[in-house]
Amino acid sequence: MATDLASLRDGGKAALARALARLESAPEAAGVVALLEEAYAAPRAQVIGLTGPPGVGKSTLSGRLIQAYRARGESVGVIAVDPSSRRSGGALLGDRLRLRSDAEDTGLFVRSMAARDRLGGLAEITWSAAILMRALFDRVLVETVGVGQSETDVAGLADTVVFCVQPGSGDSLQFMKAGIVEIPQVAVVTKADMGAVAQRALSDLSGALGLAEPEDGWPVRSLALSAESGSGVEALLEALDAHFAWLGTGGRLAARRHAQAEHWLREAIRERYGREGLKARGRLSLTAGQAPFALAGAPPA
Ligand SMILES: Nc1nc2c(ncn2[C@@H]2O[C@H](COP(=O)(O)OP(=O)(O)O)[C@@H](O)[C@H]2O)c(=O)[nH]1
Ligand SMILES: [Mg+2]
């Protein structure tokens, strides 16, 4: 396995696939930890989380975003998280994406991650994979169902979260009730080609967002788009760029990533050593820029 970033870059997709497989099967191995520590210190990509219920159109939209970023000459890494493990064998979420990923395109890499075949928790492994890919690509897309659930938590790993809502599904109202309203920075009504029902979903969504106070000072943007026709996709790209630019000012990006790293550290220790192990470690914090991977591997004091 390539144990540093330089050899990963030289090794292309095959080397990255091997490194990710190793990361899943042996997250605590010294080589994996060293690679992750190096990647953590060399962030490059904006990590974009796409979330929303199955069938809402996340994969189709990912295909559009990939196309747009590749047209700009940016490289893209994709992680499709499938929390449903066994039954689907990890194929469901990744399928549509895999069809679109051009094997010849060295600027595009797609990886499915399922709940099976792994030692750590799915959230733990997904975050590590995102950190690794963040050092290698210009954009990292993470597609996952569910928000605010630990197994599939996208807010804990993305710089920018896009929440997708299906027209006519009542998702817009669910959005308020379930308290997901604080999680995304962009809320998207998909399948805008469905017409009036999509427009109504958008006004419901905008209404719900209007009631919410932007906690961190970023007013959540809402928009409708059709991944099928492509209309509205440009507005999403613009919103994603705007949020990343906004994060880049005033130390917000570093602060967000630091909080995610501390959260990951606590979860990884809980996963590995249990609640007692976590308690024994006392107050866990990272200094600015410190990676959490080596710390998570240290046995409880
Ligand atoms: N009419 C319409 N259908 C769409 C659009 N985007 C996706 N779909 C369809 O919705 C279904 C689910 O799409 P998919 O991307 O797999 O959803 P995911 O489960 O959220 O990843 C598929 O049958 C798509 O063809 C769209 O913009 N308009
Ligand atoms: Mg999908």
Side-chain angles (χ1 to χ4, degrees), residues 47-70 76-102 108-116 122 126 129-130 133 139-149 151-155 157-158 160-172 174-175 178 180 183-184 186-202 204-205 222-240:
V47 182
I48 299 164
L50 286 175
T51 189
V56 71
K58 298 178 296 297
S59 297
T60 314
L61 180 56
S62 292
R64 279 284 176 188
L65 295 177
I66 290 166
Q67 208 175 33
Y69 289 134
R70 294 300 295 128
V76 183
V78 183
I79 302 173
V81 183
D82 186 355
S84 58
S85 71
R86 239 163 270 285
R87 228 169 354 130
S88 67
L92 274 185
L93 284 167
D95 257 3
R96 297 177 64 80
L97 280 170
R98 212 172 292 122
L99 290 174
R100 289 164 187 274
S101 72
D102 185 354
L108 172 61
F109 180 90
V110 179
R111 175 81 184 185
S112 283
M113 307 204 98
R116 62 185 167 85
L122 185 57
T126 309
M133 288 169 71
R139 310 271 173 172
V140 173
L141 301 180
V142 183
E143 177 188 336
T144 180
V145 294
V147 256
Q149 308 154 7
E151 267 296 270
T152 54
D153 210 344
V154 72
L157 65 86
T160 306
V161 175
V162 179
F163 183 71
C164 298
V165 164
Q166 163 99 26
S169 63
D171 289 347
S172 303
Q174 221 27 61
F175 189 66
I180 356 186
I183 293 170
V186 186
V188 164
V189 174
T190 55
K191 312 186 188 182
D193 50 275
M194 287 169 74
V197 67
Q199 281 313 310
R200 197 162 60 241
L202 180 60
D204 286 349
L205 198 57
S222 53
L223 53 99
L225 60 79
S226 167
E228 210 133 89
S229 77
S231 79
V233 173
E234 199 54 48
L236 173 59
L237 289 163
E238 208 178 283
L240 293 172

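Atoms within each ligand, like the ligands themselves, are counted from 1 in listed order.
- Residue contacts with ligand 1 for Pro54 involve N, CA, C or O but no side-chain atom from C-beta outward (heavy atoms, distance under 4.0 Å).
- For residue Ser62, no N/O/S atom approaches the Mg ion (ligand 2) to within less than 2.8 Å.
- Rounding to the nearest 0.5 angstrom, the gap separating the CD1 atom in Ile48 from the CG atom in Leu240 is 4.5 Å.
- Taking every heavy atom of Glu143 and a limit of under 4.0 angstrom, the matching atoms of ligand 1 come to 21 (O).
- Between Ala239 and Leu223, the shortest heavy-atom contact is CB-CD2, 4.4 Å.
- At least one N/O-N/O distance between Gly57 and ligand 1 falls below 3.5 Å.
- The shortest heavy-atom distance from Thr190 to ligand 1 is not under 4.0 Å.
- Lys191 places a side-chain heavy atom less than 4.5 Å from the side chain of Gln166.
- Within the 4.0 Å heavy-atom criterion, the part of Asp193 lying near ligand 1 is the side chain and not the backbone.
- Checked against a 3.5 angstrom limit, the closest N/O atoms of Ala192 and ligand 1 fall outside it.
- Contact atoms of ligand 1 toward Ser226: 27 (O) (distance under 4.0 Å to a heavy atom of the residue).
- Between Tyr69 and Leu237 there is a side-chain heavy-atom pair separated by less than 4.5 Å.
- Of all non-hydrogen atoms in Ile79 and Met133, the two that sit nearest each other are CG1-SD, 3.6 Å.
- By the 3.5 Å distance cut-off applied to N or O atoms, Ala227 is counted among the residues near ligand 1.
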> side chain to side chain contact (heavy atoms under 4.5 Å, CB included) between Leu65 and Leu236: does it pass, once the steps are laid out?
Replying inline: CA-CA 9 Å; Leu65 295 177; Leu236 173 59; 4.0 Å; yes
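- Looking at Glu143 and the Mg ion (ligand 2) together, the shortest N, O or S contact belongs to OE2.
- Of the inter-residue distances, the one linking Thr144 atom OG1 with Lys58 atom NZ reads 8.0 Å to the nearest 0.5 angstrom.
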